[in-house]
K.L.:
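Just dropping this structure here.
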Amino acid sequence: MSNKDVKDVAKETHEVKGELTYDDKVIQKIIGLSLEKVTGLLAVDGGFFSNLTDKLINTDNVTNGVNVEVGKEQVAVDLNVVVEYQKNVPALYDEIKKVVVEEVSKMTDLEVVEVNVNVVDIKTKEQHEADSVSLQDRVTDIAESTGEFASEQFEKAKSGLSGGFSAVQEKVGEGVDAVKEATSKEKTRVH
């Protein structure tokens, strides 16, 4: 490709109109996921991740507690967080701001102009772990009881069908017997 061709392609690219925008949930997700590794930050909005297990507890809710206003060039962020007991909250706030700015800038080129952090609770690691486990247990219990209920209903329906089938067989059998009896009476009268 000659220099002239390269210039022509570049010129054509610059003449293409359009714009790049981001849904709020995209920025919320970037922020939610980037905060997972901040030491001393136990949760955003009560518990979408746990640094204790290094696992997302509920990946569908990474945007919980993360509110953003996204413009064409700038982003403002509001966070509701749960902080680990005995951690220095101002230092944690500085780290949260740094991580949010780095990740949003790196992925989107948007400028983060504001990061507001509201500390909604402080817990020990043990309290947070217990709360996280109890939340998971409740979800598991609900899933199990729903599964058991569905199984019971299936068994009832199956036994109802099977009972109904037996009744139909019985009725058909009675009908066949009645037809045989009527037929034999008919044969007897004919002879």
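Owing to the predicted nature of the structure, the values given are computational and were not obtained by experimental measurement. The residues of the chain are indexed from 1 along the displayed sequence. What you see below is based on every heavy atom in this structure, not just the backbone, and it leaves out hydrogens, waters and symmetry mates.
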K.L.:
Going by the rule salt bridge (charged side-chain N to carboxylate O under 4.0 Å, His left out), which residues pair with E84 if we only count those two or more places apart in sequence or in a different chain?
P.N.:
none
K.L.:
Let me check something: do Y22 and V113 share a hydrophobic cluster, defined by ILVMFWY side-chain heavy atoms less than 4.5 Å apart, either directly or through other members?
P.N.:
no
K.L.:
Among residues at least two apart in sequence or on other chains, which ones pass salt bridge (charged side-chain N to carboxylate O under 4.0 Å, His left out) with E73?
P.N.:
none
K.L.:
Report the C-alpha separation of N88 and L92 in whole Å, then their side-chain angles, then the decisive distance to 0.1 Å, and conclude whether the side-chain contact (heavy atoms from CB on, under 4.5 Å) test is met.
P.N.:
CA-CA 6 Å; N88 183 286; L92 192 60; over 6 Å; no
K.L.:
Using the test side chain to side chain contact (heavy atoms under 4.5 Å, CB included), find all partners of D109 that sit at least two apart in sequence or belong to another chain.
P.N.:
none
K.L.:
Any side chain to side chain donor-acceptor pair (under 3.5 Å) pairs touching residues 110-119, not counting sequence neighbours?
P.N.:
Q74-E111, D78-N116, N80-N118, E114-N116
K.L.:
Take D23 and V70, measure what side-chain contact (heavy atoms from CB on, under 4.5 Å) needs, and give me the verdict at the end.
P.N.:
CA-CA 8 Å; D23 277 0; V70 182; over 6 Å; no
K.L.:
Check Q28 against V68 and note the closest heavy-atom contact, atom names and distance.
P.N.:
CG-CG2, 3.7 Å
K.L.:
Give every residue pair that meets the side chain to side chain donor-acceptor pair (under 3.5 Å) criterion with at least one member in residues 91-108, sequence neighbours excluded.
P.N.:
E103-K106
K.L.:
Which residue is it: I27, V101, I31? I am looking for the one with a side-chain contact (heavy atoms from CB on, under 4.5 Å) to V112.
P.N.:
V101
K.L.:
Let me check something: do Y85 and V117 share a hydrophobic cluster, defined by ILVMFWY side-chain heavy atoms less than 4.5 Å apart, either directly or through other members?
P.N.:
yes
K.L.:
Work out which heavy atom in H128 is nearest to a heavy atom in A43; give both atom names and the distance.
P.N.:
CE1-CB, 3.8 Å
K.L.:
What's the separation between atom CE in M107 and atom CG in L33, rounded to the nearest 0.5 Å?
P.N.:
9.0 Å
K.L.:
Who passes side chain to side chain donor-acceptor pair (under 3.5 Å) against E19, sequence neighbours left out?
P.N.:
K72
K.L.:
Quick one: pull up CG in L79 and CD1 in I96 and give me the separation to the nearest 0.5 Å.
P.N.:
6.5 Å
